[in-house]
Amino acid sequence: MAALGKPLLYGYFRSSCSWRVRIALAFKGIEYDQQVINLVKDGGMQLSNEYKQVNPMQQVPALCIDGVTLSQSLAIIEYLEETRPNPPLLPRDPKKRAQVRMISDQIASGIQPLQNLCVLQKIGETKLEWAKHFITRGFQALEKLLQTTAGRYCVGDEVTIADLCLVPQVANAVRFKVDLAPYPTIVGINESLLQLEAFQVSHPSCQPDTPEELRA
């Protein structure tokens, strides 16, 4: 059980799931501390017995807040939205709220897990081709979907949970050398979001554990 006080985020600079939560915390103006869980050093700190007590799934992120420890990025973000609703990350309109959750789940369940470190380690030498294939497959569907929902951002002109999922996934696509030319809607939304402070301060290039050669 987490102690009361300033929230503590267990994460890793390059983890897209950790990045989603960092964006949410920044967007809502929530001050927090970070505990680095290096996913590659010494075989991965997430596999330690100590961290297993924090999150039995041995994944990041985990957030200790309000006397409870939460894992799974979307569950964490939904909790922040319910307990700290301003500024909001979900629209008031039920149909738009459903669209936000649909897009978020498409990314968080249908695209991103296939590039998880533990998956890529099992794939081995063909991991780049594997990642490119599944990101491309997912982006083909996501581009069509966003053409029906987007304004400036994923759903209309207000930042939502869907946007918190999109930006880290686009960064993954760039990392795995996916051609983004066929996805102008995705690219345009991503560029707009990266102009916002919450997305900039949470960026992997400026975290406490960002390697010097990757710093902005």
Side-chain angles (χ1 to χ4, degrees), residues 1-37 46 50-110 112-113 149 151-169 171 189 192-204 206-209:
M1 183 68 71
L4 294 174
K6 188 183 290 187
L8 175 63
L9 177 66
Y10 294 83
Y12 181 57
F13 82 101
R14 186 174 264 168
S15 159
S16 57
C17 299
S18 299
W19 188 0
R20 295 172 196 155
V21 175
R22 293 197 303 263
I23 299 169
L25 291 164
F27 184 78
K28 290 182 175 291
I30 302 169
E31 294 186 2
Y32 65 99
D33 292 325
Q34 292 198 56
Q35 177 65 52
V36 173
I37 302 297
Q46 74 278 17
E50 181 181 3
Y51 186 65
K52 192 174 183 180
Q53 301 305 309
V54 176
N55 182 4
M57 278 293 289
Q58 299 176 290
Q59 298 173 337
V60 292
L63 182 69
C64 299
I65 186 170
D66 299 337
V68 66
T69 300
L70 302 172
S71 62
Q72 299 300 323
S73 62
L74 293 186
I76 293 170
I77 294 167
E78 290 268 6
Y79 176 80
L80 296 177
E81 179 69 5
E82 291 175 358
T83 59
R84 296 153 175 84
N86 293 309
L89 282 168
L90 284 170
R92 295 178 65 90
D93 178 78
K95 292 179 182 178
K96 289 184 177 180
R97 290 168 80 93
Q99 288 174 330
V100 168
R101 290 183 168 119
M102 173 177 63
I103 294 165
S104 301
D105 283 342
Q106 182 167 318
I107 296 170
S109 299
Q112 185 274 329
T149 64
R152 182 170 178 81
Y153 307 124
C154 284
V155 179
D157 296 321
E158 301 297 328
V159 175
T160 68
I161 296 172
D163 300 299
L164 277 55
C165 294
L166 181 75
V167 168
Q169 186 56 57
I189 295 169
S192 295
L193 290 165
L194 287 175
Q195 296 175 23
L196 304 179
E197 182 180 7
F199 289 80
Q200 294 172 355
V201 300
S202 60
H203 196 278
C206 59
Q207 298 311 302
D209 55 326

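What you are looking at is a predicted structure, and each value in this text was computed from that prediction instead of being measured. Throughout, numbering of the chain's residues begins at 1 and tracks the sequence.
In terms of modelled atom types and a separation under 3.5 Å, the side chain of Arg22 and the main chain of Phe13 share a donor-acceptor contact. Between the Thr149 side chain and the Cys154 main chain, a donor and an acceptor come within less than 3.5 Å of each other. Judged by distance alone, with hydrogens and angles left aside, the side-chain atoms of Gln200 form a donor-acceptor pair with the main-chain N or O of Leu194 at under 3.5 Å. The main-chain N or O of Pro88 is never found under 3.5 Å from a side-chain atom of Glu81 such that the two would form a donor-acceptor pair.
In this structure, CG in Leu25 is found 8.5 Å from CD1 in Ile77, a value given to the nearest 0.5 Å. Within the model, atoms CZ of Phe199 and CG of Leu166 stand 8.5 Å from one another, a figure rounded to the nearest 0.5 Å. The CD atom of Glu197 lies 10.0 Å from the OG atom of Ser202; values are rounded to the nearest 0.5 Å. Note that the CG atom of Asp209 and the CD atom of Gln35 stand 10.0 Å from one another [nearest 0.5 Å]. A distance of 9.5 Å separates CD1 in Ile37 from CG in Leu9, rounded to the nearest 0.5 Å.
Using a 4.0 Å cut-off between a side-chain N of Lys or Arg and a carboxylate O of Asp or Glu, Asp66 and Arg84 qualify as a salt bridge. Arg92 has no carboxylate O lying under 4.0 Å from a charged side-chain N of Glu158, or vice versa, which leaves the two without a salt bridge.
Inter-residue side-chain proximity for Tyr51 and Val54 is flagged as met; some heavy-atom pair is nearer than 4.5 Å. At least one side-chain heavy atom of Pro168 sits less than 4.5 Å from a side-chain heavy atom of Arg20. Considering only heavy atoms from C-beta on, Leu74 comes within 4.5 Å of Asp105 through its side chain. At least one side-chain heavy atom of Glu78 sits less than 4.5 Å from a side-chain heavy atom of Leu90. Residues Gln207 and Arg14 fail the side-chain proximity criterion, which asks for heavy atoms closer than 4.5 Å. Side-chain contact between Phe27 and Leu196: absent, with no pair of heavy atoms (C-beta onward) separated by less than 4.5 Å. Residues Val159 and Leu164 meet the side-chain proximity criterion, which asks for heavy atoms closer than 4.5 Å. Looking only at side-chain heavy atoms (C-beta outward), Leu80 and Leu63 come within less than 4.5 Å of each other.
Nearest heavy atoms, Cys206 versus Val201: SG-O, 3.6 Å. In terms of heavy atoms, Val100 sits closest to Ala162 at CG1-N, 3.7 Å. Residues Pro61 and Val21 approach most closely at CG-CG2, 3.8 Å, considering heavy atoms.
By the neighbour-count criterion of 12 heavy atoms within 6.0 Å, atom NZ of Lys28 is densely surrounded, having more than that number from other residues, nucleotides or ligands.
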task: Start with the C-alpha gap between Gln112 and Cys17, add the side-chain angles, then the distance that decides, and say whether side chain to side chain contact (heavy atoms under 4.5 Å, CB included) holds.
output: CA-CA 9 Å; Gln112 185 274 329; Cys17 299; 3.6 Å; yes

field: Full working for side chain to side chain contact (heavy atoms under 4.5 Å, CB included) between Cys165 and Gln169
entry: CA-CA 7 Å; Cys165 294; Gln169 186 56 57; over 6 Å; no

field: Worked check of side chain to side chain contact (heavy atoms under 4.5 Å, CB included) between Ile65 and Tyr32
entry: CA-CA 9 Å; Ile65 186 170; Tyr32 65 99; over 6 Å; no

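Ring planes of Trp19 and His203: perpendicular class, angle over 60° (limits at 30 and 60°).
For the pairing with Asn55, the side chain to side chain contact (heavy atoms under 4.5 Å, CB included) check across Met57, Lys52, Gln58 returns one residue only, Met57.
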